[in-house]
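Read through the structure below, which is laid out as structure tokens, and then see the notes.
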Amino acid sequence: MIVDTIGPSTAKIFLVGEAPGKDEDISGKPFCGYAGRTLNWLLGQAGINRNECLIGNVARERPLSNKISFWFQDKECTVPKPKMSEWIKKLQTEIDFYKPNVVVALGATALWTLTGEKYISKHRGYVMESTLCPGTKVLPTYHPQNVNYEWRNFFSTVMDLRKAKYHSEFPEIPEDRRHLYPNVSLKEFLMYCQELISDNTFEKVALDIETLQPGCHINIIGLSHLKDYAMNIALIKNKSACFSENEEHELWYWIDQVLRAKKVIMHNASFDANVLLFHHHILPNLYMDTLIAAHALWPELPRDLGYLASLCLDIPVWKTKSGQDLYLYNAGDCAATFGIAEFFEKEMVKQKVDATYRFEMSQLPVASMLQLNGVNVDKGIQKQLKSEATVVIEKTGDDLSKLLKIQIYDKVTGKSVMRSTKKLQKILYIDLGLPVQYKRRKSASDPRKITTDKEAIARLAILVPNNPIFNLILEHRKNLSLRKFIDIETSLESKVYTSYNITGKKDNKDEKKVDEEGRKSFGRWSSSKSIILPFGSGNLQNIPPIARKMYRAPGGFEWVAGDLVQAEAVVVAYLTGDQTLIKLYEDRLNAPFSEKGKYDVHNYTASMMYKVKLDDVTPEQRKVGKTLRHALAYDAGPAVVAARLGVSLSEGKHLKEIFHQANPRLLLWYKEIQDKLGNDRTLITPIGRKHRFLDRWSDDLWRSAYAFLPQSTVGDILNEALVELYNLCGDILDIKLQLHDAIYVWSPLEHREETISYMRSCMQRKVEINNRVMEIEADFKAGPSWGEMEDVKEA
DNA sequence: GATTTTACGTA
DNA sequence: CGTACGTAAAATCT
């Protein structure tokens, strides 16, 4: 059935979708099915009255199997079939006739039809001029059906529709008021700096640098003092310096003056400010990091400038030709950063996230210090560990070669077959005919995937007893993996470095993937390769214990670590209001060191589960208690419990049941979280950090939410401690690592007690949860290397 | 050569 | 159907 455009001829907004679906095909009306209901809801959120809009689709008939490509001649959907061409002309006529103030392109097909552009995620939120109807204003956003599939796009779509409502009041396409001065002369840039300094009406500047690899040498530096003004200058072109030493000296002098005199705004100061400090010894008067502000406001959303500008500003897309004119691109970034900062100042107060923002900003100095200081590697031990791993790899490889009668190593590349999933699948499941193992699925509706991961190999080892190959495979692969952590490049000072990311690293710079990847970012730091000092394995938060041995303290010093004991479990106890458990933790905290062993939460759990006295709990029962305490804080399934304990599925189910009987508050807490999510999809931690859960309403979302509160709370407590420790004794204590719930430092051998005392006073923080004051105990280890630390016994 | 998938390490 | 994170190499696509 033909589905034509409907709505009042006086409409200021014209909503254009893709093609009719099943319900539309039956009724002959656009957006009357599932997608239509979503559209109504989105419009409601944006304050738009559907009855006042023209609504239609590009295609007027339902395509075969609902695939829009049916109406195109090519897979890329850029060459329409004759029928489609007619419809496009019809749409053009309608727009020219009704003259709406704004046409909202819902989805990629409408975007392409109206503007000739592809990639909806790159263009959404940006006002464009229609190429189909020149002079007509187009605002692209996601198709409602996409919002049904990708719930995280709901927020962006509502923001876009709000912008559309604003733009529906007038027909004019806003002109680009930005004055961008890319690649100016030295004289012009110096004048700009000097004017900025002498004019006190401008108190803020935004800064953005571009750098060359390797080494992150600045080749472009840009400044902006207004949201529609930016200037930049080139320092390096074609690998050679643009200025003489004296000229460059003068340039940096004035940049330094500006960055001291003004409140400086950057997007990702962890990078820009660190490069300025590392290469030019400039310490800007940092006022706002828009990356951190975005994280405080919307931790669940992308944080790249292009995305943020689409939400906060009304400017044209400037990232489309990023490869072509780096100078224009940089100037656009500077101006956008300035504009976004203005928006964020107000929005953060409005959303009451300024405390979270200030807290994250306070973490920048210590994160910066940790990145630039690095961690020393003992080359001798590195070599020894590498050869030990190699011996195991070769031995297990040879044994496997003999047993399987195949060549384990590729003679040309030297690579092991055991790392190739495809080849190993063939060996195990086809050549040997072993039972095929599948990956544990996230949801029962997901497709089953064949796997040869270590869980699968371990299962095979049980299914096929007395076959040595499984252990050999596991041992072989484990050491291949371990060697990757050991065999790393260090700097000339034998150091490795990491970049600690306060907001997490995933920033989805890739426009095509912008709406795919999960963005959680619960407030814990992540650790990734430093591009300023690219030495080491990058992430220092996932080094295996054996590889930690090569990180040794220098003569006269030792590693000291403070660890928040069972931190997440303690937070869960306070959150669930489990009074017995809380008392146990409090008693343990207050007990003298020698008596702490009496207050063992896993013994207690086991005694409650098995209804036996504390003293009668067997080690086996304690293990069960420990496993369940951990797994069920995040609502693990019976299969996982069973697998972890090596028992049957029914036994796993039974254990879950008796655990919940013994800990009834946990299930109530789950329910409480679900109810809170039901209100506004938002949770707030005891520290005051907010997170919205935008994923599809499911067990998955709930489990993620259960994890959020304890994980984020512990992360924040530790970072509060880290900031305080750095501010208090950063000059006398050498802080080396942050591992989510632990802080590692180098301490002079003779000052161990003082070090621990400082660390304890910073780490054991009082936090109010449910009208009780929680304090998580810290315990301490010390030793010559990161991998050889022993508990510090205290009197 | 670029992108996606698989596996694996930590808290 | 624990969560979160980042990296490397293989597999796959263009």
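Letters A, B, ... are given to chains in the order of the sequence lines, protein chains preceding strands, and every chain is numbered from 1. Any value given below was found using the heavy atoms of this structure, including those in side chains, with hydrogens, waters and symmetry copies removed. Worth saying up front: this structure is predicted, and the values here are computed from it rather than measured.
Not one side-chain nitrogen or oxygen of A:K484 sits closer than 4.0 Å to the OP1 or OP2 atom of B:dA7. Side-chain N/O atoms of A:S420 include none lying less than 4.0 angstrom from OP1 or OP2 on C:dA9. Residue A:S481 places at least one side-chain N or O closer than 4.0 Å to OP1 or OP2 of B:dG9. The side chain of A:K422 contributes no N or O atom lying less than 4.0 Å from OP1 or OP2 of B:dT6. A close approach under 4.0 Å does not occur between any side-chain nitrogen or oxygen of A:T452 and OP1 or OP2 of B:dT6. Taking only side-chain nitrogens and oxygens, A:T451 comes nearer than 4.0 Å to OP1 or OP2 of B:dA7. Applying the 4.0 Å criterion to OP1 and OP2 of C:dA9, one finds that A:K415 has every side-chain N and O outside that range. Residue A:K439 has no polar side-chain atom (N or O) positioned under 4.0 Å from OP1 or OP2 of B:dT5.
Set against B:dA11, C:dC1, C:dT3, the side chain of A:R548 has B:dA11 as its closest nucleotide. With distances taken from any side-chain atom of A:S528 to the nucleotides C:dC1, C:dG6, C:dA4, the minimum falls on C:dG6. Out of B:dG9, C:dC1, B:dT6, the shortest distance to the side chain of A:K449 is found at B:dT6. Checking C:dT7, C:dC5, C:dC1 against every side-chain atom of A:S526, the shortest atom distance belongs to C:dC5.
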Take A:Y574 and A:Y585 through the ring pair (Phe, Tyr, Trp, His ring centres under 6.0 Å) test and state the conclusion after the steps. CA-CA 10 Å; A:Y574 279 80; A:Y585 285 124; 7.5 Å; no
Derivation and outcome, ring pair (Phe, Tyr, Trp, His ring centres under 6.0 Å), residues A:F72 and A:W112: CA-CA 12 Å; A:F72 287 88; A:W112 173 81; 5.5 Å; yes
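Across all strands, A:R483 comes closer than 4.0 Å to no nucleic acid atom at all (heavy-atom distances). Using a 4.0 Å heavy-atom criterion, one finds that A:R440 contacts the sugar-phosphate atoms exclusively. Residue A:F485 is classed as a sugar-phosphate contact, given heavy-atom separations below 4.0 Å to backbone atoms only. Residue-level contact check: A:I543 touches the backbone only, with heavy atoms under 4.0 Å from sugar-phosphate atoms and none from bases. Backbone-only engagement by A:P545 is indicated by non-hydrogen atom pairs under 4.0 Å involving sugar-phosphate atoms exclusively. Across all strands, A:R419 comes closer than 4.0 Å only to sugar-phosphate atoms, never to a base (heavy-atom distances). Nucleic acid contact for A:D699: base, since at least one base atom lies under 4.0 Å from a heavy atom of the residue.
The closest donor-acceptor contact from the side chain of A:K736 to the backbone of A:G374 lies under 3.5 Å. The backbone N or O of A:G523 lies less than 3.5 Å from no partner atom in the side chain of A:S712, so there is not a single donor-acceptor pair.
When the nearest nucleotides of DNA chain C are assigned to A:R524 and A:S530 by heavy-atom distance, the more 5′-ward of the two goes with A:R524.
Screening A:K549, A:R552, A:K781 for a salt bridge (Lys or Arg N to Asp or Glu O under 4.0 Å) involving A:E788 leaves a single residue, A:R552.
Using a cutoff of 4.0 Å between basic side-chain nitrogens and carboxylate oxygens, A:D487 and A:K386 are scored as salt-bridged. No salt bridge links A:K653 with A:E657; every basic N to acidic carboxylate O contact stays at or beyond 4.0 Å. Look at A:K439 and A:E455 and you find no salt bridge, because none of the NZ, NE, NH1 or NH2 atoms lies under 4.0 Å from a carboxylate O.
Atom pair A:K426:NZ and C:dA11:P shows a separation of 13 Å (rounding to whole Å applied). As rounded to whole Å, 15 Å separates atom P of C:dA11 from atom CG of A:D453. Summarising the geometry, the separation between CG on A:L737 and C1' on B:dT10 is reported as 12 Å, rounded to the nearest angstrom. Here the P atom of nucleotide B:dT6 and the CD1 atom of A:I457 are 16 Å apart, to the nearest Å. Atoms NZ (A:K478) and P (B:dC8) sit 12 Å apart, rounded to a whole Å. Atom-to-atom, CD1 of A:I450 to C1' of B:dT5 comes out at 14 Å; the value is rounded to the nearest Å. A:L701 has its CG atom 14 Å from the C1' atom of C:dC1, to the nearest Å. Between A:I393 atom CD1 and C:dA9 atom P the separation is 12 Å, expressed in whole Å.
Taking the six-membered ring for Trp and thresholds of 30 and 60 degrees, A:Y706 and A:Y670 have nearly parallel ring planes, at less than 30 degrees apart.
Scanning DNA chain C for stems, defined as runs of 3 or more consecutive Watson-Crick or G-U wobble pairs whose donor-acceptor distances all fall under 3.5 Å, gives the following ranges: B:1-11 with C:3-13.
The base of C:dG6 lies outside donor-acceptor range of the side chain of A:N539, with no N or O pair under 3.5 Å. The base of B:dC8 does not come close enough to the side chain of A:R477 for any donor and acceptor atom to sit less than 3.5 Å apart.
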